[in-house]
Amino acid sequence: MVWVHGGGFGSGDLDMPESHVVATAIAATGRPVTTVEYRLVPAFALIGRFRLKPSTNRYPVPVDDVTDAVLDTVGRHHGRAVILGGASAGACLAASATMRVRQDMTAAPAGLLLVYGLFHAQLPAISPNLRPRLRGIARLGIAPEIFRRMTMNYVGTDELFADPAVFPGTADVRGFPPTLLVDADRDPLRASSEAFADHLRAVNVPLSTSVIPETRHGFLNKPGSRGYPEAIATMTDWLSRHDQR
């Protein structure tokens with residue numbers, strides 16, 4: 001498996017629990033796991049004036065790094081199925097890398113495991129079913145603006161912001177492998193994952209979904225949090241049915 005941490009494209013590393021602890025839990029089931037330290041964009045302001053800081057790490061650099069990791073892993077484990085997975089921004093990068101390699105049957109992942117991912121340039125409308133699940137700052141209506149800042153900070157230009165090749169939520173996803181979407185119950189970003197699920201179903205991608213009760217975005221980075229064991233069990237159970245070890 002290749003596993004990609006989150007962090008809004010601008011933070012996170014291989015030592016964070018969402019990378020190391022999750023990878024260790026998967027490796028404990030007997031699957032070799034490669035984690036990816038992709039290059040990060042600068043941090044951005046959540047409130048106040050939004051400014052893009054100079055950077056050479058914006059799109060497509062992080063996707064390049066993830067794609068390289070996939071190709072390297074496939075080469076080192078020749079003949080074995082490789083599952084690609086990621087959390088939050090890492091889920092977006094994993095799906096984007098899949099778009100690049102899906103036509104090459106020797107390199108395409110055998111499955112995608114995406115946890116509380118963001119897949120759109122702008123946050124889709126929050127559904128009536130999701131809205132009552134949001135509390136505190138998540139319910140104040142500022143999530144779409146923070147989401148927009150995060151994705152614009154990732155791409156850096158208006159042209160790329162609207163490019164479906166960058167954000168898989170509006171891209172041609174035909175040919176995607178079997179996919180598992182795991183979401184946090186009380187997470188506004190769940191709107192993006194729900195819309196992506198509909199997008200995958202529309203082109204008959206084999207899809208499984210799971211919402212972990214009473215969890216918030218980023219809970220995999222807190223291994224002692226509520227829902228963490230259930231999420232890991234959901235992930236490893238799905239892997240056991242799709243990785244063709």
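Just so it is clear, the model here is predicted, and its values are computed rather than measured.
One N or O on the side chain of Ser192 and one on the backbone of Phe119 form a donor-acceptor pair closer than 3.5 Å. Counting only distance, with no hydrogens or angles, the side chain of Thr179 and the backbone of Pro177 share a donor-acceptor pair below 3.5 Å. Side-chain N or O atoms of Arg102 include one that pairs as donor or acceptor with a backbone N or O of Arg174 at under 3.5 Å. Listed for the Asp65 side chain is a donor-acceptor partner under 3.5 Å among the backbone atoms of Arg39. Not a single donor-acceptor pair under 3.5 Å links the side chain of Trp3 to the backbone N or O of Ala87.
Remark: Leu180 CG to Thr209 OG1 distance equals 8.0 Å, nearest 0.5 Å. Atom CG of Leu112 and atom OG1 of Thr98 lie 4.0 Å apart (nearest 0.5 Å). Remark: Phe167 CZ to Tyr154 OH distance equals 6.5 Å, nearest 0.5 Å. The CG atom of Leu46 sits 9.5 Å away from atom CE of Met150, with the distance rounded to the nearest 0.5 Å. Distance check, rounded to the nearest 0.5 Å: OG of Ser210 to CH2 of Trp238 gives 12.5 Å. Here the straight-line distance linking atom OG1 of Thr215 with atom CG of Asp183 works out to 8.5 Å at 0.5 Å rounding.
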Requested in this report: Evaluate the criterion side chain to side chain contact (heavy atoms under 4.5 Å, CB included) for residue pair Phe44 and Met152; output intermediate values, then yes/no.
Outcome: CA-CA 10 Å; Phe44 65 96; Met152 177 57 79; over 6 Å; no
Report task. Evaluate the criterion side chain to side chain contact (heavy atoms under 4.5 Å, CB included) for residue pair Glu214 and Arg133; output intermediate values, then yes/no. Result -> CA-CA 9 Å; Glu214 298 299 334; Arg133 305 303 298 157; 3.0 Å; yes
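Between Val41 and Ser55, the closest heavy-atom pair is CA-OG, 4.2 Å. Annotation for Phe147 and Gln122: closest pair CE2-C, 3.5 Å, computed over non-hydrogen atoms. For the residue pair Ala125 and Ala191, the shortest heavy atom distance occurs at O-CB, 3.8 Å. Nearest heavy atoms, Ala97 versus Leu84: CB-CD2, 4.2 Å. Contact record, Leu181 with Ala197: CD1-CB, 3.7 Å, taken as the closest heavy-atom pair. Of all heavy-atom pairs between Arg190 and Ala184, the closest is CD-O, 3.3 Å.
Hydrophobic clustering keeps Val101 apart from Met99 (ILVMFWY residues linked when any side-chain heavy atoms are closer than 4.5 Å, directly or through intermediates). Taking hydrophobic clusters as Ile, Leu, Val, Met, Phe, Trp and Tyr residues chained together by side-chain heavy-atom distances below 4.5 Å, Met16 does not share a cluster with Leu118. Residues Leu71 and Val82 fall into different hydrophobic clusters, defined by Ile, Leu, Val, Met, Phe, Trp and Tyr side chains chained together at heavy-atom separations under 4.5 Å. No continuous path of hydrophobic side-chain contacts links Leu14 to Val4 [ILVMFWY only; heavy atoms under 4.5 Å]. If you chain together hydrophobic residues whose side chains sit under 4.5 Å apart, Leu123 and Val211 never meet in one group.
Between Ser19 and Asp13 the shortest side-chain heavy-atom distance does not fall below 4.5 Å. Under the 4.5 Å side-chain criterion, counting only non-hydrogen atoms from C-beta, Thr56 is not in contact with Val61. Using a 4.5 Å cut-off on side-chain heavy atoms (C-beta onward), Met1 and Leu113 make contact. Residues Arg80 and Pro32 form a side-chain contact, since some pair of their non-hydrogen atoms from C-beta on lies under 4.5 Å apart. Counting only heavy atoms from C-beta outward, the side chains of Leu93 and Phe9 approach each other to under 4.5 Å. Residues His199 and Phe176 are not in side-chain contact: their nearest non-hydrogen atoms beyond the backbone lie 4.5 Å or more apart. With a 4.5 Å cut-off on side-chain heavy atoms, Thr35 and His5 do not count as touching. Side-chain contact check for Asn129 versus Glu194: every heavy-atom pair is 4.5 Å or farther apart.
There is a side-chain donor-acceptor pair under 3.5 Å between Asn153 and Arg58. Using modelled atom types and a 3.5 Å distance limit, the side chains of Arg241 and Ser208 yield no donor-acceptor pair.
Two rings, from Phe219 and Tyr116, have their centers less than 6.0 Å apart.
Just one of Val115, Asp185, Val182 meets the side-chain contact (heavy atoms from CB on, under 4.5 Å) condition when paired with Ile212; it is Val182.
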